[in-house]
Chemist: 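A single structure is presented below for examination.
When a ligand or atom number is given, it counts from 1 through the structure's own listing order. Remember, predicted model here, so these are calculated numbers, not experimental data.
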Amino acid sequence: MVAPADLSPIPQAEAPRDCPLCPRLVRFRLECRAEHPDWWNAPVPAFGDPDAWLAIVGLAPGKHGANRTGRPFTGDHAGILLYQTLHRYGYGNRAASVALGDGLELAGCRITNAVKCLPPENKPLPAEVKQCNAYLRAELAALAPSAAILALGAIAHQAVLMALGLRRADYPFGHAAIHELPDGRTLFDSYHCSRYNTQTRRLTEAMFFEVFERIGEHLSTRAAA
Ligand code: SF4
């Protein structure tokens, strides 16, 4: 059974379970359903607080992670640092996300992906990012006007810009970059907390914490204004 905390915070930003819009991803979804009928194997909805002041955007579900469990960044390596960090900075009531119904709740934060369906080899095609962008646009439209957005990796960063109708050339991706957006929101960038990036130390724990420190400073300045 799906617990209340696991229900999508913004239902209008969610795809139907059998969303047909990306033929390659639909084929892969059906293969996964045949191979693992007990897994989620469907578009993975956003998770977290409907009144979030921080939206975190990842790339796409991992096969053994979100595609298996049905919650972003849950069940594989990529979520370990993310959920530990959210707990450290007061957004989560637990330091680990294990599965739907595990009691994890987020306050002030919600998490989604640029692409809601599992892509082969964790690599969505540009056309799939574009196709799924309407859902991300709806997700971001529901954010408060002074909210922060954290993009994990360059593709998530570009998907956020596309959703907001902004030009890439005006907002280049860079780890720890901060972009003030014309609508009053602020976009923060980080390298993705993937297994590859953390194990090669392209992204260290300290680097990730630094990004959250800056987000915290930004949000407290906005709250005090
Ligand atoms: S990636 Fe998005 S648009 Fe494409 S099939 Fe999945 S939910 Fe639909």
Side-chain angles (χ1 to χ4, degrees), residues 2 5-50 52 55-79 82 97 99-100 106 109-143 149-166 168 173 187 189 192-196:
V2 176
D6 295 311
L7 297 173
S8 174
I10 311 292
Q12 66 272 25
E14 298 304 342
R17 191 167 167 80
D18 290 306
C19 180
L21 297 178
C22 303
R24 187 182 77 120
L25 304 189
V26 172
R27 281 198 300 278
F28 200 39
R29 181 196 300 156
L30 295 177
E31 284 172 28
C32 285
R33 284 182 185 174
E35 196 182 346
H36 300 287
D38 53 331
W39 288 9
W40 182 266
N41 293 320
V44 175
F47 170 63
D49 187 344
I56 299 177
V57 182
L59 174 59
K63 182 172 182 181
H64 297 88
N67 177 66
R68 177 172 62 84
T69 62
R71 182 193 284 165
F73 289 89
T74 298
D76 62 7
H77 191 88
L82 177 60
S97 179
L100 297 183
L106 300 182
C109 170
R110 65 176 183 262
I111 308 173
T112 191
N113 280 312
V115 172
K116 288 183 176 288
C117 292
L118 169 71
E121 299 174 358
N122 290 333
K123 288 182 185 155
L125 300 174
E128 293 158 353
V129 176
K130 193 172 174 190
Q131 192 68 261
C132 211
N133 203 248
Y135 296 119
L136 182 60
R137 192 176 310 127
E139 183 75 41
L140 298 181
L143 279 177
I149 301 165
L150 170 60
L152 299 177
I155 295 176
H157 168 95
Q158 290 161 11
V160 169
L161 295 181
M162 189 190 304
L164 298 177
L166 301 173
R168 283 191 210 178
F173 174 81
L187 172 60
D189 291 338
H192 194 283
C193 46
S194 64
R195 179 191 291 271
Y196 179 82

Chemist: Taking only residues two or more places apart in sequence or in another chain, which ones pass side-chain hydrogen bond (donor to acceptor under 3.5 Å, both in side chains) with R195?
Modeler: none
Chemist: For the rings on F73 and H192, is their centre-to-centre separation under 6.0 Å?
Modeler: yes
Chemist: Restricting to under 2.8 Å, identify the protein N, O or S atoms around atom 6 (Fe) of ligand 1 as residue plus atom.
Modeler: C117 SG
Chemist: Please name all residues satisfying salt bridge (Lys or Arg N to Asp or Glu O under 4.0 Å) with D38, sequence neighbours left out, ordered by chain then number.
Modeler: none
Chemist: Name all residues meeting the ring-ring contact (aromatic ring centres under 6.0 Å, His included) criterion together with Y135; count only those two or more places apart in sequence or in a different chain, and write none if there are none.
Modeler: none
Chemist: Do the charged groups of K63 and E35 touch, with an N to O distance under 4.0 Å?
Modeler: yes
Chemist: When you look at R168 and F173, which way does the side chain to side chain contact (heavy atoms under 4.5 Å, CB included) test go after all the steps?
Modeler: CA-CA 8 Å; R168 283 191 210 178; F173 174 81; over 6 Å; no
